[in-house]
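A, B, ... follow the sequence lines: proteins, then strands. Residue 1 opens every chain. Atoms considered below: every heavy atom in the structure, side chains included; atoms not considered: hydrogens, waters and symmetry mates.
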Protein chains: 2
Amino acid sequence: MSITIEECAQTVLTTIPSLMQAIRAEMRQGRMASLTVPQFRTLVLAEGAPGPSMSRVAEHVGLTLPSATALVDGLVERGLVVRQPHPSDRRCVQLALTEAGRREVREARQHTLAMLTERLAGLDEAERAGVVRALTVLRLALQTQEAVR
Amino acid sequence: MSITIEECAQTVLTTIPSLMQAIRAEMRQGRMASLTVPQFRTLVLAEGAPGPSMSRVAEHVGLTLPSATALVDGLVERGLVVRQPHPSDRRCVQLALTEAGRREVREARQHTLAMLTERLAGLDEAERAGVVRALTVLRLALQTQEAVR
DNA sequence: TATTGTTATACTCTATAACTATA
DNA sequence: TATAGTTATAGAGTATAACAATA
């Protein structure tokens, strides 16, 4: 029973939004985790990379620059990040997590991962490997083109 | 190289939002396809099931009832669906596609699938099968719980 | 002149709380 | 009293267009 590209595309189109819904619901449900998915992703970026620029944020989260500005504004207002001047290029901004931001992202991740882990507990070894492999394949296939755009 | 549940959860948490972004971008890019993902999913539901209620829409798209109301309001304003009275239970609504709605959903799907198909063209048979299998596994794992909630 | 970022503006998404109408 | 749906209200996500500051 061979699966055509069209069938595969169809599955992707119908399933990914559902999965996204589920993840969003998880995150919203966490009592203390008052972060939306894009906010969370921005904090994760700032946690890993040192002082990302606004452009970097926009690219990472998949937004336009103005959208990233609005997103970061919200995080700044809530005291989770600060905008720091870039030392050598004064047009650029370097985003930095505050202590509160560091705590928030840690808690949100812990919480969300715990919930996800619970739901994925039923998967066997082969299924887990399959999931990781398939998602990696999809990421490469769908993101490659974005760079081209 | 065995993959733990935590690693699997981690991959899901970081990858699914990216994939969703990519799909959203695809749909937005379509010249004539001016539908958002939730709007599209609502039209697809109405296309398949006959006269879904508002509750059915909310459940399918993963929204609260008020959110579904707002979503459908937009579609009604644009002439893509109509709210019809349920014959026996006057509290209920039955959603029906208009001709324009039927055309719109057809075009949007065609367009989006074409783009996705293009991007997935590089996958071999085993990868396609793996993707479908993995997404199905994830859907079952993540959605089961939603019903419980 | 090109690049980085922000402001202005306008939709849509999404939720909670309060309400109406029907069962 | 319980259920289906809407209205009211509010905040976040998201885009395009126009602008400011710096390189």
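Phosphate contact (OP1/OP2 of D:dG13, side-chain N/O of B:Gln21, threshold under 4.0 Å): absent. The phosphate of D:dT6 (OP1 or OP2) has a side-chain N or O of B:Arg83 nearer than 4.0 angstrom.
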Working for side chain to side chain contact (heavy atoms under 4.5 Å, CB included), residues B:Ile3 and B:Thr11: CA-CA 11 Å; B:Ile3 288 179; B:Thr11 302; over 6 Å; no
Intermediate values then yes/no, salt bridge (Lys or Arg N to Asp or Glu O under 4.0 Å), A:Glu7 and B:Arg128: CA-CA 9 Å; A:Glu7 286 166 334; B:Arg128 295 199 297 268; over 6 Å; no
Criterion salt bridge (Lys or Arg N to Asp or Glu O under 4.0 Å) on B:Asp73 and B:Arg83, from CA distance to verdict: CA-CA 9 Å; B:Asp73 282 350; B:Arg83 283 183 172 98; 2.9 Å; yes
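Comparing A:Arg91 and A:Leu63 by the nucleotide of DNA chain D whose heavy atom lies nearest to each, the residue mapping closer to the 5' end is A:Leu63. For A:Cys92 and B:Thr64, each mapped to the nucleotide of DNA chain C holding its nearest heavy atom, the one lying further toward the 5' end belongs to A:Cys92. Map B:Leu65 and A:Thr36 each onto its nearest nucleotide of DNA chain D; the residue landing nearer the 5' end is B:Leu65.
Distance CE/A:Met27 to CD/A:Gln39: 8.5 Å, rounded to 0.5 Å. The distance from the CZ atom of A:Phe40 to the CG atom of B:Leu13 is 5.0 Å, given to the nearest 0.5 Å.
Distance from the side chain of A:Ser67 is smallest to D:dT14 among D:dT16, C:dA17, D:dT14. Of the candidates D:dA15, D:dT6, C:dT4, D:dT6 carries the atom nearest the B:Thr69 side chain, counting heavy atoms from C-beta on.
Following rounding to the nearest Å, A:Glu77 (CD) and D:dG11 (C1') show an atom-to-atom distance of 11 Å. Atom-to-atom, CG of B:Leu71 to P of C:dT12 comes out at 10 Å; the value is rounded to the nearest Å. Atom pair B:Met20:CE and D:dT14:P shows a separation of 9 Å (rounding to whole Å applied). Straight-line distance from the CE atom of B:Met27 to the P atom of C:dC13: 11 Å, rounded to whole Å. Between the CD atom of A:Glu59 and the C1' atom of C:dG5 there is a distance of 16 Å, rounded to whole Å. Taking atom CG of residue A:Asp73 and atom C1' of nucleotide D:dA12, one finds them 12 Å apart after rounding to whole Å. Atom CG in B:Leu35 sits roughly 17 Å away from atom P in C:dC11 (whole-Å rounding). What separates CZ of B:Arg28 from P of C:dC11 is a distance of 16 Å, to the nearest Å.
No N or O donor and acceptor, one from the side chain of B:Arg90 and one from the base of C:dT22, sit under 3.5 Å apart.
Residues from residues 37-57 of chain A with heavy atoms under 4.0 angstrom of DNA chain C, sorted by number: A:Ser53, A:Met54, A:Ser55.
Ion pairing of B:Arg109 with B:Glu47 is present here, as a side-chain N (NZ or NE/NH1/NH2) and a carboxylate O approach within less than 4.0 Å.
Within 4.0 Å of B:Ala68, counting heavy atoms only, lies no atom of the nucleic acid at all.
With B:Leu75 as reference, B:Thr42 is the one residue of B:Thr42, B:Leu95, B:Leu97, B:Thr98 to meet the side-chain contact (heavy atoms from CB on, under 4.5 Å) rule.
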